[in-house]
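Following: one structure in structure tokens, then a few remarks.
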Amino acid sequence: MDTFSFYEQVYQVVRLIPRGRVCSYGAIASFLGSKGSARMVGYAMNASHTAYPPVPAHRVVNRKGMLTGKFHFGSPSLMEQLLENEGIKVQNDRILDFKEIFWDPSLECETDI
DNA sequence: GAGGTGACTGCGA
DNA sequence: CTCGCAGCCACCT
């Protein structure tokens with residue numbers, strides 16, 4: 001709570017997202033206790049490029065499953081490529097079956113379908 | 001110290 | 001499902 005900024009906590013949760021799964025900003029915010037402040041999570045992602053090890057921000061999308069932050073990856077197609085590389089289908093800047101691959105930090109794991 | 005910004009969310013239509 | 005409005009809090013200048 002001192003040296004570790006709110007961002008660090010967000011990075012930790014995002015790095016816990018299993019491969020082939022995605023998460024929403026609100027879910028992370030609620031998990032951190034900042035329920036209702038999903039903007040802070042998105043803001044943390046803006047600085048995720050400064051965090052190390054790198055944060056899989058491409059697995060984090062908004063409530064609708066839209067790749068709203070794809071432009072922050074340097075290339076607008078990079079986020080889409082990374083998601084498809086993990087088996088996630090993306091179309092029209094949107095994740096297909098978003099609710100099917102949605103991963104909640106509260107579950108930490110399991111949810112094995 | 002104050003103001004502005006933003007990779008969001010929930011509700012109603 | 002999507003669109004628009006308003007609220008929310010930490011970081012930067």
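In what follows, every chain begins at residue 1, and chains take the letters A, B, ... in the order their sequences are listed.
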Notebook entry, point to check: What are the two closest heavy atoms between A:Ile101 and A:Leu96, and how far apart are they?
Noted result: CD1-O, 4.4 Å

Next item on the list: Quickly work out the A:Tyr25 OH to B:dT9 P distance and round it to whole Å.
Entry: 8 Å

Pairs under 3.5 Å (N/O, protein and nucleotides 10-13 of chain B):
{"unit_1": "B:dG10", "atom_1": "OP2", "unit_2": "A:Arg63", "atom_2": "NE", "d": "3.2"}

Margin query: For the backbone of A:Ala47 and the side chain of A:Thr50, can you confirm whether one donor and one acceptor N or O come within less than 3.5 Å of each other?
Written below: yes

Note to self: Keeping A:Asn92 on the side-chain end and A:Arg94 on the backbone end, is there a donor-acceptor pair under 3.5 Å?
What the structure shows: no

Note to self: What's A:Ala44 touching, base or sugar-phosphate or nothing? Going by heavy atoms closer than 4.0 Å.
What the structure shows: nothing

Next item on the list: Check the distance between B:dA7's P and A:Asp93's CG and give it to me in whole angstrom.
Entry: 15 Å

Next item on the list: Go along nucleotides 2-11 of chain C 5' to 3' and tag each nucleotide: B for a protein heavy atom under 4.0 Å from its base, S when only backbone or sugar atoms are that close, - otherwise.
Entry: S----BBBSS

Next item on the list: Check side-chain contact (heavy atoms from CB on, under 4.5 Å) between A:Thr68 and all other residues, then give those that pass, not counting sequence neighbours.
Entry: A:Tyr25, A:Asn62, A:Met66

Next item on the list: Specify the separation, in whole Å, of atom NE2 of A:His49 and atom P of B:dG6.
Entry: 15 Å

Next item on the list: Using a heavy-atom cut-off of under 4.0 Å over every strand shown, decide if A:Phe71 touches base, sugar-phosphate, or nothing.
Entry: nothing

Margin query: Under 4.0 Å, heavy atoms only, any strand: does A:Asn62 hit a base, just the sugar-phosphate, or nothing?
Written below: sugar-phosphate

Margin query: I'd like to know if the side chain of A:Tyr11 and the backbone of A:Pro54 have a donor-acceptor N/O pair within less than 3.5 Å.
Written below: no

Margin query: Just to verify, what does A:Asp93 make a side-chain contact (heavy atoms from CB on, under 4.5 Å) with, not counting sequence neighbours?
Written below: A:Lys70, A:Glu80

Next item on the list: Could you tell me the separation between the OH atom of A:Tyr11 and the P atom of B:dA7, rounded to a whole number of Å?
Entry: 14 Å

Next item on the list: Show your working on side-chain contact (heavy atoms from CB on, under 4.5 Å) between A:Leu83 and A:Val22 and close with a plain yes or no.
Entry: CA-CA 9 Å; A:Leu83 290 171; A:Val22 294; 4.2 Å; yes

Item checked: Summary of salt bridge (Lys or Arg N to Asp or Glu O under 4.0 Å) pairs that have at least one residue in residues 50-64 of chain A, sequence neighbours excluded -> A:Arg59-A:Glu86

Check: What residues, two or more places apart in sequence or in another chain, satisfy ring pair (Phe, Tyr, Trp, His ring centres under 6.0 Å) together with A:Phe98?
Finding: A:Phe102

Notebook entry, point to check: Within this structure, what is the CE-to-P distance between A:Met45 and B:dT5, rounded to whole angstrom?
Noted result: 23 Å

